[in-house]
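Notes to accompany the following structure.
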Amino acid sequence: MRLDSRAIREPVAADPELVRRQETPLLIDEWQKVPEVWDVVRRVIDESPIGGQFLLAGSASPAPDATAHSGAGRIGRLRMRPMTLAERGVTEPTVSIRALLSGTREPLTGSSSLGLSDYIEEVVASGFPAIRPLSPRARRFQLGRFQLDSYLRNAVDRDVPEQGLAVRKPESMLAWLRAYAAATSTTASYSRILNAATPGQGDKPAASTGFAYRDVLTSLWLIDPVPVAYPPRLLRHAWGTYAHATAIARSTSLSCERMAAR
């Protein structure tokens, strides 16, 4: 059930109980577009507590008050990350999670034929399925860059407003994306990120604007908050890291050659 299709979304929005009348197991894609289905699924599970009946997938989080119940004890959450090298078909895994959990594993050994340049190439090439079939040259240059730029631009132009944040100047938010990318996995302060996003501007945005950008980017799974591993007095500024290493490279215009030289 694809709720990003208007023909499917509008009937479900008018009557979320339609979910009950579908065969299970049922995949509900982009469920956050009709958040009422969450509570319908929860009630179905209360009535018939059998696992694996529904799979709710979404490219963004719903508004904090969009669902009446957290789903605790009924719905499990799993964050999907960019594809690993094994999922990209670049290498074969040498350690079995199943064997580790069953206690029948062999001694842990492994090797990789990939070198530093190969890993850098994969960072720039991305794990997006639509980009994978492209030739290495196309991934690194025309089509790859075009698609990645479009991905970031569409996030600002379409996904952010859908999350309830009005962006009057899309270019300003793209500048914030670049500043976040440069500061990823660091303890850069708000003022440092602000200056990187607004170089030469005397009238700086308020701190509330920066925090609103951070929150909406987090809800779109573009950045991950960095958990504070030290007492707050020692680590006061933990903004986050990009969920996609490729987005970091593209936002900061890092090529394979520039990364290898660092």
Side-chain angles (χ1 to χ4, degrees), residues 1-5 9 27-38 41 54-67 70-72 75-88 122-132 144-145 147-167 170 172-186 188 193 197 209-228 237-252 254:
M1 179 179 287
R2 298 189 56 174
L3 297 185
D4 58 347
S5 168
R9 180 175 65 253
L27 167 63
I28 306 176
D29 193 23
E30 301 296 352
W31 73 271
Q32 79 281 355
K33 293 184 178 295
V34 187
E36 292 80 6
V37 303
W38 176 278
V41 167
F54 299 94
L55 181 61
L56 308 180
S59 58
S61 299
D65 58 348
T67 58
S70 67
I75 302 175
R77 295 172 181 263
L78 177 64
R79 173 71 181 270
M80 300 298 291
R81 306 286 175 177
M83 290 197 301
T84 65
L85 294 180
E87 291 170 326
R88 300 180 191 190
E122 287 302 318
V123 167
V124 174
S126 92
F128 291 102
I131 297 180
R132 297 304 304 173
R145 291 182 178 180
Q147 291 196 32
L148 290 171
D149 287 344
S150 298
Y151 165 70
L152 295 172
R153 184 76 200 206
N154 288 337
V156 172
D157 289 344
R158 299 185 57 184
D159 298 338
V160 169
E162 286 184 0
Q163 292 299 101
L165 180 64
V167 180
S172 296
M173 191 166 197
L174 288 170
W176 275 92
L177 282 168
R178 290 190 290 271
Y180 281 138
T184 191
S185 298
T186 72
I193 296 176
T209 301
F211 291 124
Y213 284 175
R214 181 194 61 184
D215 292 343
V216 75
L217 292 172
T218 301
S219 72
L220 290 171
W221 314 118
L222 281 172
I223 65 172
D224 288 334
V226 176
V228 177
H237 309 290
W239 278 82
T241 179
Y242 261 64
H244 303 280
T246 304
I248 299 174
R250 188 68 202 119
S251 296
T252 55
L254 278 175

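The first residue of the sequence shown is numbered 1, and numbering continues consecutively from there.
- Summarising the geometry, atom CE belonging to Met1 is positioned 11.0 Å from atom CG belonging to Leu56; distances are rounded to the nearest 0.5 Å.
- Remark: Met173 CE to Leu165 CG distance equals 6.0 Å, nearest 0.5 Å.
- To the nearest 0.5 Å, the span separating CG on Leu217 from CG on Asp159 amounts to 10.5 Å.
- Annotation for Glu122 and Leu85: closest pair CG-CD2, 3.7 Å, computed over non-hydrogen atoms.
- Gln32 contributes atom CD, which lies 8.0 Å from atom CD of Glu162 (distance to the nearest 0.5 angstrom).
- Rounding to the nearest 0.5 angstrom, the gap separating the CG atom in Asp29 from the CG atom in Leu3 is 7.5 Å.
- Counting all heavy atoms, side chain and backbone alike, Ala175 lies closest to Ala197 at CB-O, 3.4 Å.
- For Arg153, the side chain to side chain contact (heavy atoms under 4.5 Å, CB included) partners are Asp157, Pro170, Glu171, Leu174, not counting sequence neighbours.
- In plain terms, the two heavy atoms of Trp31 and Gly58 that are nearest each other are CD1-N, 4.2 Å.
- Scanning for side chain to side chain contact (heavy atoms under 4.5 Å, CB included) contacts around Asp215 gives an empty result, with sequence neighbours left out.
- With hydrogens and angles ignored, the 3.5 Å screen pairs a side-chain donor or acceptor of Arg79 with a backbone N or O of Trp221.
- Atoms OH and CG, from Tyr213 and Leu222 in turn, are 14.0 Å apart once rounded to the nearest 0.5 Å.
- For the pair Ile28 and Val41, the minimum side-chain heavy-atom distance is below 4.5 Å.
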